[in-house]
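Note sheet for the following structure.
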Amino acid sequence: MLNPLDGGKIAIGALRVNVLRSLLTMLGIMIGVGAVIVMVAIGAGARDMIGVQIRSIGSNLILVIPGATVTGGARLGSGSVHTLKSTDAEAIAKECPAVKLTAPIWGDVNQVVYGNRNWRTRITGTTEDNFLIREWPIRRGRMFTPEEQKRAAKVAVLGLTVVENLFGDTDPLGKMIRMKSVPFTVVGVLDRKGQSPRGDDQDDAVFVPLKTSQYRLFGTPFPDEIQAIMVQAKDVSLIPDAQKQIDELLTRRHKIGRHQEKDFTVRNLTEILETAQKSLNIMTTLLGAIAAISLLVGGIGIMNIMLVSVTERTREIGIRMAVGARSGDILSQFLIEGVVLSITGGLIGTALGILAAFAFARTSGWPALIDPGTVLIAILFSAAVGVFFGFYPAFKASRLHPIEALRHE
Amino acid sequence: MPLIEMQGLTKIYRAGAIDVPALEQIDLSIESGEFLSIMGPSGSGKSTLMNILGCLDVPTAGTYYLAGDDVSQLDRDQRAEVRNKKIGFVFQGFNLLPRINAVKNVELPLIYGGVKTVPRREAAMAALSLVGLSDRGDHLPSQLSGGQQQRVAIARALVNDPEIILADEPTGNLDTRTSNEIMMVFRRLNRDRSITFVLVTHDPEVGDVTDRRILIRDGRIEGDERRTGDEY
Ligand SMILES: Nc1ncnc2c1ncn2[C@@H]1O[C@H](COP(=O)(O)OP(=O)(O)O)[C@@H](O)[C@H]1O
Ligand SMILES: [Mg+2]
């Protein structure tokens, strides 16, 4: 019986006879496996990034903003409508069964001063639920309390970027900062949050109680006016229900008639990212199809060349049979040849794929994740292609009649 | 017990609708250590007989015992096993693998016999030295003369220590002088290592060297001449 080591040596010897032809035969497998590697690497990287973004803005998030809905978003800007109040936020939380939490928002960009340092950042007035919705824990100190909300206390919670820029190595807790000349006590520092989907630094932020923002810092043109309500649905599946309930509730509260334009817009943020994820999935499927076709074409290429090779080497097969090679020995010799071809193609394809993925990541800024499991599967798969498409030629070779094979020119 | 015992051996080729009888009712007995030739005109059935003797093909009818075993009913793989263990072949066209060197060609039967790398190489080198080519092991067939190539083929035939070596027109591609050299090698191996030789030839000079001549014509044995010791 032919042992696999000898089989491998025979196969490599045969493939080295015509290196160029062997390489061309591998081309399809190389492209196929390379495409799989790139596809999985970029797909995984992008999915990872989208996942991080979805989590960073908060899960099951709905945003309610003032102004009527127009195609592609909401009408904002000059003369914006003063229609949302913090009582709307409370009502949504209380009366919409599909809603878990709400947080009103009123803020602006302004200078924050500590000692002789100052930093321009976004100051947001909101409630504690904002941080629950965004799954954004306090790293040090504490959140402001409902009692502080009620009396519009001059307390602030800082994002890490602000801490780094204002305080350096100093401990910010208990320190006094000034915003619009109003002194605030720093009571808490938030955990690091990273980039938002739009690419801005979410840690570059200061949070104060809603009322403090409304009445001590920025003032409101209309009593209790707010800029937005963040809403968290109880579950992803309940997002559409929540949207409908909010819509109905606000329509009722704002006394909007049947044919009147609504003065608010309910937007589903997760949806936007999920759309991105869906188009990513389509892209990966497309790349996957290209990979599958290349692998198929590559496999057929291997089969074709191996059929040629079997014909060319008929006499060799006859000689091997005459000296005692069994059908199985000839079968495994040619199968090994097919597998060596396809695995070599697979390895080269993997290497090229990894290079391409990194090149893509570097130029596009999208991350590429190379998963060793995927690489292993790609190589095993190319081996399987070799076995599958090598089988017919190998079987043909193994069934040759020794005498006829010996007589072959 | 004779090494080879054939009785009523018949081979009929089916070429389309017509049956071509290549061998008819062959009775043949060969003792171990014999040195014999099979002669006859072209198309008489010599190669057919050799192929069956060598377990490359099966008879249509009749029995064939090799070293006491009935080998006429074996399947493909069993025949491969018999060829690997008991039979060596020498062909007219040498039939060496062109891309591997002499010693690797000689090793070939041992690869399929499952012999490990080191003893395999040793046995191949020993066989090459028996045919006087120990210094040509790393030559490719194309780097050797016809006579040398045939000697490599002989080394390959004897490397697995067979009961019998079958040679179909072994000198057909060689000039007279080289033919004589090859016949000398056969003769010596037969005498020194008591390997049984069956040579197919239509060259009377080759036939003259052997101890026994079987003449076949139209698929039948027509003559079976033994030479006595004093004639030699
Ligand atoms: N594979 C085959 N199919 C059909 N007929 C064959 C085949 N091989 C040999 N024959 C016929 O059998 C006869 C004997 O052939 P062969 O044994 O090759 O003769 P030799 O070797 O004596 O020249 C010839 O008539 C030949 O045409
Ligand atoms: Mg012949």
Side-chain angles (χ1 to χ4, degrees), chain A residues 1-22 306 308-337 340 394-409, chain B residues 11 13 22 47-48 50-52 54-58 74-101 104-117 120 124 140-141 153 155-160 162 165-166 168:
Chain A
M1 258 289 276
L2 183 68
N3 77 51
L5 191 69
D6 288 321
K9 281 187 197 156
I10 293 170
I12 289 167
L15 297 174
R16 275 175 49 181
V17 168
N18 201 331
V19 177
L20 184 64
R21 184 163 92 178
S22 301
M306 283 190 61
V308 172
S309 167
V310 166
T311 308
E312 281 175 354
R313 285 152 68 198
T314 301
R315 186 189 272 271
E316 171 191 328
I317 295 163
I319 294 169
R320 291 182 183 277
M321 285 176 164
V323 301
R326 289 175 205 82
S327 299
D329 295 330
I330 300 296
L331 184 81
S332 51
Q333 176 189 332
F334 281 92
L335 270 186
I336 290 171
E337 233 175 273
V340 168
F395 181 75
K396 232 183 123 178
S398 77
R399 300 317 295 177
L400 286 172
H401 194 289
I403 296 168
E404 273 150 34
L406 276 170
R407 223 185 271 136
H408 192 267
E409 268 324 300
Chain B
K11 178 71 184 181
Y13 289 113
S47 294
T48 304
M50 285 297 257
N51 290 338
I52 293 171
C55 287
L56 285 166
D57 209 350
V58 286
L74 299 182
D75 66 24
R76 270 185 86 110
D77 285 353
Q78 290 168 325
R79 275 182 276 135
E81 178 90 32
V82 171
R83 292 197 297 274
N84 188 252
K85 294 285 178 318
K86 298 186 174 161
I87 298 166
F89 291 96
V90 177
F91 304 93
Q92 178 174 4
F94 320 137
N95 274 339
L96 299 175
L97 297 187
R99 293 191 235 284
I100 57 177
N101 65 25
K104 285 196 173 147
N105 264 288
V106 176
E107 281 182 35
L108 214 53
L110 302 178
I111 287 181
Y112 296 107
V115 179
K116 295 243 158 49
T117 316
R120 195 161 83 198
L140 290 175
R156 182 181 66 192
L158 59 89
V159 74
N160 54 356
I165 290 181
L166 304 172
D168 194 347

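What's counted below: heavy atoms across the whole structure, side chains too, no hydrogens, waters or symmetry copies. Letters A, B, ... mirror the listed sequences (proteins, then strands); counts begin at 1.
Only the side chain of A/Ile10 comes within less than 4.5 Å of a heavy atom of chain B; its backbone N, CA, C and O stay farther away. Using a 4.5 Å cut-off between heavy atoms, A/Arg16 does not touch chain B at all. Heavy atoms closer than 4.5 Å to chain A are found nowhere in B/Leu110, neither backbone nor side chain.
With rounding to the nearest 0.5 Å, the separation of CE in B/Met50 from CD1 in A/Ile403 is 12.0 Å. Atom CD of A/Glu404 is separated from atom CG of B/Leu56 by 11.5 Å, given to the nearest 0.5 angstrom. In this structure, CD1 in A/Ile319 is found 5.0 Å from CG in B/Leu97, a value given to the nearest 0.5 Å. Distance CG/A/Leu406 to CG/B/Asp168: 10.5 Å, rounded to 0.5 Å. In this structure, CG on A/Asp329 lies 8.0 Å from CG on B/Asp77, to the nearest 0.5 angstrom.
In terms of heavy-atom pairs under 4.5 angstrom with chain B, the leader among A/Glu316, A/Arg315, A/Arg399, A/Arg313 is A/Arg399. With chain A as partner, the option from B/Glu81, B/Gln78, B/Arg83, B/Arg156 having the largest number of non-hydrogen pairs under 4.5 angstrom is B/Arg83.
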(request) Step by step, work out the side-chain contact (heavy atoms from CB on, under 4.5 Å) result for B/Glu107 and A/Asp6. (result) CA-CA 11 Å; B/Glu107 281 182 35; A/Asp6 288 321; over 6 Å; no
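Here the shortest heavy-atom pairing between A/Ala325 and B/Ala80 reads O-CB, 3.8 Å. Between B/Arg76 and A/Pro402, the shortest heavy-atom distance links the atoms NH2-CD, 4.4 Å.
A heavy-atom distance below 4.5 Å is not found between the side chains of A/Val323 and B/Phe89. The side-chain heavy atoms of A/His401 and B/Asp57, taken from C-beta on, include a pair separated by under 4.5 Å.
For A/Arg326 and B/Tyr112, the side-chain atoms include no donor-acceptor pair closer than 3.5 Å.
Dense packing is recorded around NZ of B/Lys11, with more than 12 heavy atoms of other residues, nucleotides or ligands lying under 6.0 Å away.
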